[in-house]
There are 2 protein chains.
Amino acid sequence: MAQKTDLSRLNCSLAGALGIVGDWWSLLIVRDALLGARRFAEFQKSLGLARNILADRLKRLAADGVLSREGPERRPVYKLTEKGLALAPALIALMQWGDRWVAGDRPPVMVTDRDGRPVDAVGLARDSRPLTPRDLRFAPGVGADPETRMFLAAMSSRVEER
Amino acid sequence: MAQKTDLSRLNCSLAGALGIVGDWWSLLIVRDALLGARRFAEFQKSLGLARNILADRLKRLAADGVLSREGPERRPVYKLTEKGLALAPALIALMQWGDRWVAGDRPPVMVTDRDGRPVDAVGLARDSRPLTPRDLRFAPGVGADPETRMFLAAMSSRVEER
DNA sequence: CTGTATCCTTAAAGATACTG
DNA sequence: CAGTATCTTTAAGGATACAG
């Protein structure tokens, strides 16, 4: 969509993440891979997207190191890399949000451990003590540019009213 | 982008979530709101997107109950609702993934508690015991349709090889 | 300041035919 | 089976002018 805007200029790791999995299909492909999908046809059938789009996304995700492409050239198998697996917490958190706020507490998919026991709600913590979103504060990190510092400084004064 | 595909047909809470915050700007707007942004001009300056796009996104996020629009008609203030605040774990998780895998451990923004101490990495757990992504399993939930059940059944046999 | 209204560009998505 | 190659459509996004 006329997206010439380069999100990377935003000096924000969220924007960086969205640059890789921020389109409408990539995260769903990662989801399917997490569920066990391996082959082109499996993703295609599950998601119902056009073949050329799927081919493009698989290529990009592999180029970005999220998926690996293994096996025979003619019939390859896609697997999540460590980088791709590391998306699981974010992905599950988003799924849980959808369960609660979109699906009305009627989850289509239940996420469990190896023994079939439901996982906890993904939450925020500091030294393992739970934190609410209102407890959050933000400060410039080592990668902050001057603009980010300005913005955070301007915002910090009123974060309390949240 | 020629997106006629209705993600909601996917019977998946992740798709449902992406239907609301799955475009390139919405999550970044939520991020800014979490950081303390309140006004139209603040979002616009921070993100640098076109005014009409921002207006559209704010409208949609408000319609979806993620933001509330308060105060004077002429100079309203946007705040996160509970539903919007509930996105924080997913948003922070994605930001942390970007910190680690995109920004190369040079986070532009540091997330802390009220006392300025960094929050924990958002992770998966079951009864407060940490879980790795490879520990995850999936089963049909109460909202699963027949197609989802079929897919999960087909995938479950090989989730072990992950 | 906070939008709305237009116009324009472009890239994303879909459909489909073809190939090794 | 797993793509590639084309072609077309359309909606997202940008720019800008205008308005309350």
Side-chain angles (χ1 to χ4, degrees), chain A residues 1-10 15 18-29 32-33 36-64 67-79 154-155 158, chain B residues 1-10 15 18-29 32-33 36-64 67-79 154-155 158:
Chain A
M1 13 173 112
Q3 195 221 10
K4 10 171 63 158
T5 319
D6 181 12
L7 291 186
S8 68
R9 74 177 157 71
L10 285 181
L18 292 177
I20 295 180
V21 292
D23 69 275
W24 281 303
W25 290 119
S26 293
L27 253 195
L28 290 166
I29 290 173
D32 274 12
R38 293 286 174 275
R39 320 203 78 93
F40 189 92
E42 289 170 351
F43 293 105
Q44 212 252 320
K45 186 179 178 214
S46 164
L47 300 174
L49 81 176
R51 311 168 65 75
N52 50 350
I53 305 298
L54 177 57
D56 177 74
R57 287 304 177 281
L58 290 173
K59 200 175 294 180
R60 280 180 34 183
L61 287 171
D64 286 330
L67 292 179
S68 69
R69 181 197 167 109
E70 301 169 16
E73 182 69 23
R74 308 297 317 291
R75 204 157 173 275
V77 158
Y78 296 93
K79 299 174 98 162
M155 293 299 110
R158 69 161 87 118
Chain B
M1 19 171 106
Q3 195 221 10
K4 10 169 65 156
T5 317
D6 180 13
L7 290 187
S8 69
R9 73 176 160 71
L10 284 182
L18 292 177
I20 296 180
V21 293
D23 69 273
W24 282 304
W25 291 120
S26 294
L27 254 196
L28 290 166
I29 290 172
D32 273 11
R38 293 285 173 276
R39 319 206 79 95
F40 190 92
E42 288 170 351
F43 293 106
Q44 213 252 320
K45 186 178 178 214
S46 164
L47 299 174
L49 80 177
R51 312 169 65 75
N52 50 350
I53 305 296
L54 177 57
D56 176 75
R57 288 303 178 282
L58 290 173
K59 199 176 295 179
R60 279 179 37 184
L61 287 170
D64 287 329
L67 292 179
S68 70
R69 180 195 168 111
E70 299 168 18
E73 182 69 22
R74 308 298 317 291
R75 205 158 173 276
V77 157
Y78 296 93
K79 299 173 97 162
M155 292 300 111
R158 69 161 88 119

Who pairs with [X] by side chain to side chain donor-acceptor pair (under 3.5 Å), at least two apart in sequence or on another chain?
{"X": "A:Q44", "value": "none"}
{"X": "A:R69", "value": "A:Y78"}
{"X": "A:D23", "value": "A:S26, A:R57"}

**OP:** Return the set of residues passing side chain to side chain contact (heavy atoms under 4.5 Å, CB included) with A:E70 (not counting sequence neighbours), or none when no residue passes.
**Re:**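 A:E70: side chain to side chain contact (heavy atoms under 4.5 Å, CB included) contacts with A:S68, A:K79.
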Subject >> Contacts of B:A50 that satisfy side chain to side chain contact (heavy atoms under 4.5 Å, CB included) - sequence neighbours left out >> reply: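 Partners of B:A50 by the side chain to side chain contact (heavy atoms under 4.5 Å, CB included) criterion, ordered by chain and then number, come out as B:N52, B:I53.
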Original post:
Okay, side chain of B:R39, backbone of B:R75: is any donor-acceptor separation there less than 3.5 Å?
Top reply: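 Yes: the side chain of B:R39 pairs with the backbone of B:R75.
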Original post:
What string of B, S and - do you get for nucleotides 2-7 of chain C, 5' to 3', if B is base contact, S is sugar-phosphate-only contact and - is no contact with any protein heavy atom under 4.0 Å?
Top reply: BBSBB-
[N] [atom2] sits how many Å from [X] [atom1], rounded?
{"X": "B:L18", "N": "C:dA12", "atom1": "CG", "atom2": "P", "answer": "17 Å"}
{"X": "A:E70", "N": "D:dA2", "atom1": "CD", "atom2": "C1'", "answer": "17 Å"}
{"X": "A:L47", "N": "C:dA12", "atom1": "CG", "atom2": "P", "answer": "18 Å"}
{"X": "A:I53", "N": "D:dT8", "atom1": "CD1", "atom2": "P", "answer": "16 Å"}
{"X": "A:W24", "N": "D:dA12", "atom1": "CH2", "atom2": "C1'", "answer": "7 Å"}
{"X": "A:W25", "N": "C:dA11", "atom1": "CH2", "atom2": "C1'", "answer": "17 Å"}
{"X": "A:L54", "N": "D:dT4", "atom1": "CG", "atom2": "C1'", "answer": "13 Å"}
{"X": "A:Q44", "N": "D:dT4", "atom1": "CD", "atom2": "P", "answer": "14 Å"}

